Amino acid sequence: MTNEPITAAATLDDLLTSTQQMLAVLRSQAVEPADGDAVALLRAEGTAADGQVTATVVQGGRLASLTVDEDLLGQGAEALCGHVVRAVNAALTELDERVSESARADVDALAARLGGVREPSARQMAMFSQAMDDVAARLHRDR
């Protein structure tokens with residue numbers, strides 16, 4: 001054992017700093033949602049052909065429902081498929097925005113809580129380190 005001061009406070013500060021950096025990266029990235037019950041998942045809707053095609057998607061990128069107005073069936077398969085693709089893509093774009101907003105809010109809340117923990121934790125660790133240094137000095141002095 002050396003007589004160097006314990007560096008736990010510095011280590012904790014480094015850990016908190018790296019955690020905050022990772023949170024900053026998460027804020028800037030789209031977060032892939034976790035699987036879960038469809039009722040609890042975010043949902044989004046997209047339309048095409050003046051509302052005659054409606055697609056509903058849920059978090060995770062799954063198509064939950066698709067409705068097509070019967071009037072479009074006479075347009076042919078190629079046109080109908082184009083409308084479906086536009087409606088699904090619109091729903092997925094809306095869902096991406098909602099998931100990103102939700103994830104960003106969660107990460108922001110976590111970052112705020114972490115920021116509030118950092119200073120008191122570092123201060124407490126410094127006090128603990130000083131107490132341990134004092135105990136080691138007394139033990140060394142009593143030898």
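This chain uses plain numbering: 1 for the first residue, then up along the sequence. A quick note: this is a predicted structure, and the numbers were derived from the prediction, not measured. Scope of the values below: all heavy atoms of this structure, side chains included, with no hydrogens, waters or symmetry mates.
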Nearest 0.5 angstrom please: R43 CZ to L95 CG, how far? 10.0 Å

So how far is it from M132 CE to M127 CE, rounded to the nearest 0.5 Å? 14.0 Å

Check which hydrophobic residues are tied to L139 through side-chain heavy-atom contacts below 4.5 Å, counting indirect links as well, and list them. V135

S65: what forms a side-chain hydrogen bond (donor to acceptor under 3.5 Å, both in side chains) with it, not counting sequence neighbours? T56

Residues two or more places apart in sequence or in another chain: which of them pass side-chain hydrogen bond (donor to acceptor under 3.5 Å, both in side chains) with E45? none

Test of understanding: with side chain to side chain contact (heavy atoms under 4.5 Å, CB included), list the residues that count as partners of Q124, not counting sequence neighbours. none

For a quick test of your reading: what N or O donor-acceptor pairs under 3.5 Å do the side chains of residues 74-93 make, sequence neighbours left out?
residue : atom : partner : partner atom : Å
Q75     : OE1  : H83     : NE2          : 3.0
H83     : ND1  : R86     : NH2          : 3.1
R86     : NH1  : G82     : O            : 3.4
N89     : ND2  : V85     : O            : 3.4
T93     : OG1  : N89     : O            : 2.9

Compile the donor-acceptor pairs under 3.5 Å between side chains in residues 46-54 and protein atoms, sequence neighbours left out, one pair per line.
none

